[in-house]
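So the structure is just underneath, and the comments pick up after that.
Side-chain atoms are counted along with the backbone in the values below, which use heavy atoms only and exclude waters and symmetry mates.
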Amino acid sequence: MKLTGGLVLVAVAGIATGLAARAPSDVPGAPRTAAVAKHAKAATLAKAAAPAPTAVAARQDNPLVIKRVLTITGPFRHGDWLWDDKGVPAGPLVITVDLKAQTLSVFRGGYEIGAAVIAYGADEMPTPLGVFPILQKDADHWSSLYDAPMPYTLRLTNDGVAIHGSQVARDKATHGCIGVPTAFAKLLFAQAKLGDRVIVTNGRMMDLSGVRTTGA
């Protein structure tokens, strides 16, 4: 069975929020195996984010308008990731993270080029929600606080929350960072630039069947 993955973004009151299209497991209060949910319609972003009706070209160039999501077959488990930017034009990068679905997606110019299952902050040190610019890049970062390597770090907050390469397993949590498989982190690091947006949400769902997939 072929299932499609991806995140779609919507702006509400001027704040960009990620809506995940991958479903969490049905085990409450426990680490979840990230799965892929069914997609339904996604036109453009929300009306609040869209330009004037006459500005068709500007709307198409909006990086928050989703033009394609990756095709993922079967469940998306801890340690799994996918990257496919073949034929995708240059464009602004937007990274979306859904903590409930435990997935991260990378969009370039509205085309999803990467997706991965993540590790994230435990209850006592949760990963913050919101929209964050990438503040710093450090391919060989070593945490002085936790005395641990954090390869391909993309720093999001001044107090140390970052996306970085990590061992992603069902029983692993972070101290607030977003951990992705190291091979995926390397690819993301090469694409990301300072100031690129990272949008972190917790379980907002949206179907995307109207969006083209890589298999279409």
Side-chain angles (χ1 to χ4, degrees), residues 3-7 18 20-37 69-85 93-107 112-130 132 134 136-143 145-157 160-192 196 198-205:
L3 299 175
T4 53
L7 301 178
R22 294 187 179 94
S25 77
D26 56 0
V27 183
R32 295 168 295 278
T33 298
V36 184
V69 293
L70 293 172
T71 298
I72 297 172
T73 56
F76 209 31
R77 299 186 176 92
H78 293 91
D80 288 350
W81 60 275
L82 179 65
W83 191 276
D84 182 5
D85 61 356
L93 204 74
V94 176
I95 301 166
T96 60
V97 178
D98 179 49
L99 302 181
K100 190 172 183 180
Q102 298 189 31
T103 53
L104 176 151
S105 280
V106 185
F107 291 91
E112 187 181 32
I113 60 172
V117 181
I118 65 169
Y120 61 99
D123 291 343
E124 61 274 14
M125 299 187 74
T127 299
L129 305 180
F132 306 93
I134 295 175
Q136 180 187 25
K137 295 178 63 176
D138 186 352
D140 300 308
H141 184 68
W142 186 279
S143 171
L145 182 60
Y146 302 110
D147 192 26
M150 294 181 176
Y152 304 108
T153 284
L154 302 174
R155 184 183 293 273
L156 306 182
T157 69
V161 174
I163 299 171
H164 61 77
S166 180
Q167 181 183 0
V168 180
R170 184 178 177 86
D171 60 346
K172 299 290 184 181
T174 73
H175 296 94
C177 287
I178 299 161
V180 295
T182 301
F184 180 90
K186 183 177 181 179
L187 292 167
L188 176 57
F189 188 90
Q191 291 284 326
D196 284 345
V198 178
I199 303 170
V200 184
T201 62
N202 189 23
R204 299 194 62 179
M205 306 296 296

Exercise for review: Report the distance from atom CD1 of Ile178 to atom CD1 of Ile163, rounding to the nearest 0.5 Å.
Suggested key: 4.5 Å
Exercise for review: Please round to the nearest 0.5 Å and tell me the distance separating atom CG of Leu99 and atom CG of Leu129.
Suggested key: 6.0 Å
Point to revise | Pairwise distance CD1(Ile95) to CD1(Ile199) - rounded to 0.5 angstrom | key: 9.5 Å
Study note, to complete from the structure: Note: Arg155 and Ala162 closest approach over all heavy atoms is CA-CB, 3.8 Å
**Study point:** Sidechain-backbone polar pair: Glu112 side chain, Leu70 backbone, donor-acceptor under 3.5 Å
**Key:** yes
**Study point:** Under 3.5 Å: donor-acceptor pair, side chain of Thr127, backbone of Gly176
**Key:** yes
Study note, to complete from the structure: Given the options Leu187, Ile118, Val106, Val180 meets side chain to side chain contact (heavy atoms under 4.5 Å, CB included) only with Ile118
Practice item. Please report the closest heavy-atom contact between Ala115 and Ile72, naming both atoms and the distance. Key: CB-CD1, 4.5 Å
Point to revise | Heavy-atom pair of closest approach, residues Thr153 and His141 | key: OG1-CB, 3.5 Å
Point to revise | Separation between CD1 of Ile113 and CD of Gln191, rounded to the nearest 0.5 Å | key: 4.5 Å
Exercise for review: For atom NZ of Lys186, decide whether the heavy atoms of other residues, nucleotides or ligands shown that lie under 6.0 angstrom number more than 12.
Suggested key: no
Practice item. Evaluate whether atom CD of Gln136 has more than 12 neighbouring non-hydrogen atoms of other residues, nucleotides or ligands under 6.0 angstrom away. Key: yes
Review point. Does the side chain of Thr96 reach to within under 4.5 Å of the side chain of Phe107, using non-hydrogen atoms?
Key: yes
Check your understanding: For the side chain to side chain contact (heavy atoms under 4.5 Å, CB included) test, which of Val161, Leu154, Val94, Ile134 pairs with Val198?
Key -> Ile134
Practice item. Drop me the distance from Gln102's CD to Asp80's CG, to the nearest 0.5 angstrom. Key: 12.0 Å
Exercise for review: Provide the closest heavy-atom pair for Pro75 versus Arg77 in the form atom of the first, atom of the second, distance.
Suggested key: CG-NH2, 3.1 Å
**Study point:** Considering all heavy atoms, the nearest Gly79-Pro181 contact
**Key:** O-CG, 3.8 Å
Point to revise | Inter-residue atom distance Tyr152.OH - Leu188.CG, 0.5 Å rounding | key: 12.0 Å
Review point. With a 4.5 Å limit on heavy-atom distance, are the side chains of Phe184 and Leu104 in contact?
Key: yes
**Study point:** Nearest atoms (heavy-atom pairs only) where Ala116 meets Trp81
**Key:** CB-CB, 3.7 Å
